[in-house]
Each structure stands twice: as C-alpha cells, then as structure tokens.
Colleague: 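So that we are looking at the same thing, I have put the structure below in structure tokens.
Residue numbers count from 1 along this sequence. Values reported hereafter were calculated over all heavy atoms of this structure, with side chains retained and with hydrogens, waters and symmetry mates removed.
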Amino acid sequence: MVPDTCLRLGTVLKALDDIVTPALPSEAGFAHEQLALIKKSVQLAIDQIPHEYAFMVRDAQDHLALARELAPFLEPGAGLQTRLDGSTGQLAAMLPAALPDVPALKQGLRTVKQDMEDAVNRLCTDPKADLTRIERLVLDHSARRIMMERAWTIATGFEKDPSALPPVAELIYGTRDTPAASTSP
C-alpha cells in the first residue's frame with residue numbers, strides 16, 4: 001500500500017521535529033521561526049488535502065451560479081455571452097452530481113479491501129472454487145496496483161527505470177489528453 005499524501009506529510013513533520021529542530025542552534029531564532037512556519041504550512045496542507053477536491057467543486061458551483069446571474073445582463077449572441085455560455089456549459093458537464101465525501105470514500109475503500117481479502121482467503125479454501133481463474137484475477141489486479149503505486153511515487157527517485165512506467169495521469173485518467181496540472185501526484 002502506498003501511503004497517502006497526508007501520511008507522507010505527517011512523516012515530514014515528524015522528521016522536522018525529530019531531526020531538524022534538535023539540529024538547529026537555540027540562538028538561530030530566525031531559523032526556528034521559519035521552521036515553525038514550514039510546519040504550520042505542512043499541517044495546513046494535511047488538514048486541507050482531504051477536502052481539496054470538494055473545495056474545487058464548490059468553487060466551480062459558486063462561479064457557475066454567478067455566471068447564470070450575470071447572463072441576463074450580457075447582450076444575447078454577443079461574443080462574450082457566447083464564450084461564457086460555452087465555458088460554463090463545459091464546466092457544468094465536468095462537475096459531479098454531489099460533493100465527494102473523501103473521508104467516507106477512504107473508509108469505504110478500506111472496508112472493500114478488507115472484505116475482498118477475506119473473500120479471496122475464503123475462496124482459496126473452497127474446494128469448488130476455480131483457483132486458477134481466481135489466482136489470475138488477483139495477480140492481474142496486483143500488477144495494475146503495483147504499476148499505479150510505482151508511478152504515483154516515481155518522484156521519490158527510487159524507481160530504477162522511470163521511463164518504463166506510463167505517466168500517473170495516464171493511469172488515472174486513461175490515455176485521453178489530461179490537464180497539465182494532473183500529471184503530477
């Protein structure tokens with residue numbers, strides 16, 4: 001399992017506390033002040049990451065609402081009104097029907113993973129189960145997960161041949177053109 005971003009950032013905070021802070025001379029006030037700001041920024045990111053997507057969706061919804069309210073003031077069929085109609089239509093089509101509940105999604109995923117593990121264990125002891133087929137399904141799933149996890153953590157520098165992996169955005173979104181911002185984890 002690849003640690004999630006919040007867990008990784010928590011590890012960074014622990015390293016700052018356990019390694020960096022004690023190494024700073026007590027008279028290095030400015031360095032301690034900067035370290036405290038860095039730690040607060042990292043903690044802020046930890047707190048916000050689970051809600052970042054929902055924040056973006058809510059922001060988009062709010063802008064779409066304002067665009068609808070402004071539309072009657074624009075000249076119908078004019079260039080700006082046409083552009084606004086087009087861009088708001090595209091954005092509206094991208095929005096999910098409901099705001100995501102990331103903590104609930106994570107818990108649901110943990111539950112499904114545990115239930116799948118239990119199901120595989122049970123099937124492996126079932127004399128009627130097609131173990132050859134079950135093994136292939138599990139191995140194929142594992143291969144996909146490992147590739148995704150390797151691509152997700154490629155920036156750590158531990159991957160021996162990074163060029164052998166597809167970009168993480170391609171693994172997440174498919175081979176369609178993806179926004180440049182989505183190409184990094």
Colleague: Distance from Glu135 atom CD to Asp140 atom CG, nearest 0.5 Å?
Modeller: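 If I round to the nearest 0.5 Å, the distance is 10.0 Å.
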Colleague: Establish whether Leu35 and Leu44 are linked, either directly or via other cluster members, by ILVMFWY side-chain heavy-atom contacts under 4.5 Å.
Modeller: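 No, separate clusters.
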Colleague: Using atom types as modelled, flag every donor-acceptor pair under 3.5 Å from a side chain in residues 77-84 to any protein atom, sequence neighbours excluded.
Modeller:
residue : atom : partner : partner atom : Å
Gln81   : OE1  : Gly77   : N            : 3.1
Gln81   : NE2  : Asp85   : OD2          : 2.7
Thr82   : OG1  : Ala78   : O            : 2.9

Colleague: Above 12 or not: heavy atoms from other molecules or residues under 6.0 Å from NE2 of His32?
Modeller: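 Enclosed.
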Colleague: Where do Leu9 and Ala45 come nearest, in terms of heavy atoms and distance?
Modeller: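 Looking at all heavy atoms of both residues, the shortest contact is CD1-CB, 4.0 Å.
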Colleague: State the CE-OG distance between Met147 and Ser142, to the nearest 0.5 angstrom.
Modeller: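 Reported value, rounded in 0.5 Å steps: 13.0 Å.
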Colleague: What's the separation between atom CG in Leu91 and atom CD in Gln61, rounded to the nearest 0.5 Å?
Modeller: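 One finds 9.5 Å between CG of Leu91 and CD of Gln61.
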Colleague: Charged N to carboxylate O below 4.0 Å: is that the case for Asp118 and Arg122?
Modeller: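 Not counted as a salt bridge, because no side-chain N and carboxylate O are separated by less than 4.0 Å.
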Colleague: Evaluate the side-chain proximity of Leu105 to Pro100: yes if any heavy-atom separation is below 4.5 Å, no if none is.
Modeller: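 Not in contact.
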Colleague: Test of understanding: clusters of I, L, V, M, F, W, Y form through side-chain heavy atoms closer than 4.5 Å, transitively. Do Ile46 and Phe55 belong to the same one?
Modeller: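 Result: no, two separate clusters.
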Colleague: From Glu159 CD over to Leu165 CG, what is the distance, rounded to the nearest 0.5 angstrom?
Modeller: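 So the gap between those two atoms works out to 4.5 Å.
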Colleague: Same cluster or not: Met116 versus Leu123, using hydrophobic residues (I, L, V, M, F, W, Y) connected whenever any side-chain heavy atoms lie under 4.5 Å apart?
Modeller: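 Not linked; separate clusters.
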Colleague: Determine whether His141 and Arg144 satisfy the following criterion, side-chain contact (heavy atoms from CB on, under 4.5 Å), listing intermediate values before the conclusion.
Modeller: CA-CA 5 Å; His141 170 80; Arg144 287 189 307 274; 3.7 Å; yes
Colleague: Just how far is it from atom CZ of Arg58 to atom CG of Leu99, taken to the nearest 0.5 Å?
Modeller: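 Taking CZ in Arg58 and CG in Leu99, the distance rounds to 4.5 Å.
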Colleague: Using 0.5 Å steps for rounding, measure from the OG1 atom of Thr153 to the CZ atom of Arg8.
Modeller: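 Answer for the OG1-CZ pair, Thr153 versus Arg8, is 6.5 Å.
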Colleague: How about CD on Gln34, more than 12 heavy atoms from neighbouring residues, nucleotides or ligands closer than 6.0 Å, or not?
Modeller: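 Counting neighbours around CD of Gln34, more than 12 heavy atoms of other residues, nucleotides or ligands fall under 6.0 Å, so yes.
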Colleague: Would you confirm whether His63, through its side chain, and Asp59, through its main-chain N or O, come within 3.5 Å as a donor-acceptor pair?
Modeller: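 Side chain of His63 to backbone of Asp59: a pair is present.
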Colleague: Looking only at heavy atoms, what is the nearest atom pair of Pro166 and Glu170, with distance?
Modeller: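 Shortest heavy-atom contact: CB-OE2, 3.8 Å.
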Colleague: With side-chain contact (heavy atoms from CB on, under 4.5 Å) as the criterion, how do Val102 and His51 come out once you've worked through the C-alpha distance, each side chain's angles and the decisive distance to 0.1 Å?
Modeller: CA-CA 7 Å; Val102 174; His51 308 290; 5.8 Å; no
Colleague: May I have the step-by-step check of side-chain contact (heavy atoms from CB on, under 4.5 Å) for Asp4 and Ile49, ending in yes or no?
Modeller: CA-CA 10 Å; Asp4 68 23; Ile49 285 170; over 6 Å; no
Colleague: If you apply the rule side-chain contact (heavy atoms from CB on, under 4.5 Å), what do you find for Lys113 with Leu109, and how did you get there?
Modeller: CA-CA 6 Å; Lys113 286 179 176 181; Leu109 182 56; 3.8 Å; yes
Colleague: Mind checking whether Ile172 and Ile154 sit in one hydrophobic cluster, side chains of I, L, V, M, F, W, Y counted as touching below 4.5 Å?
Modeller: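 Ile172 and Ile154: one cluster.
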Colleague: Please tabulate, for side-chain N and O atoms in residues 12-21, each donor-acceptor pair with protein atoms closer than 3.5 Å (sequence neighbours left out).
Modeller:
residue : atom : partner : partner atom : Å
Lys14   : NZ   : Asp18   : OD2          : 2.4
Asp17   : OD1  : Lys39   : NZ           : 2.4
Thr21   : OG1  : Leu16   : O            : 2.9

Colleague: Taking a hydrophobic cluster as the set of Ile, Leu, Val, Met, Phe, Trp and Tyr residues connected by side-chain heavy atoms closer than 4.5 Å, whether directly or through intermediates, do Leu24 and Val42 fall within one such cluster?
Modeller: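 Yes, same cluster.
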Colleague: Would you say Glu27 has more than 12 foreign heavy atoms packed within less than 6.0 Å of its CD?
Modeller: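 More than 12 within 6.0 Å, yes.
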Colleague: If you draw a 6.0 Å radius around CZ in Arg110, do more than 12 non-hydrogen atoms from other residues or ligands fall strictly inside?
Modeller: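 Result for CZ/Arg110: enclosed.
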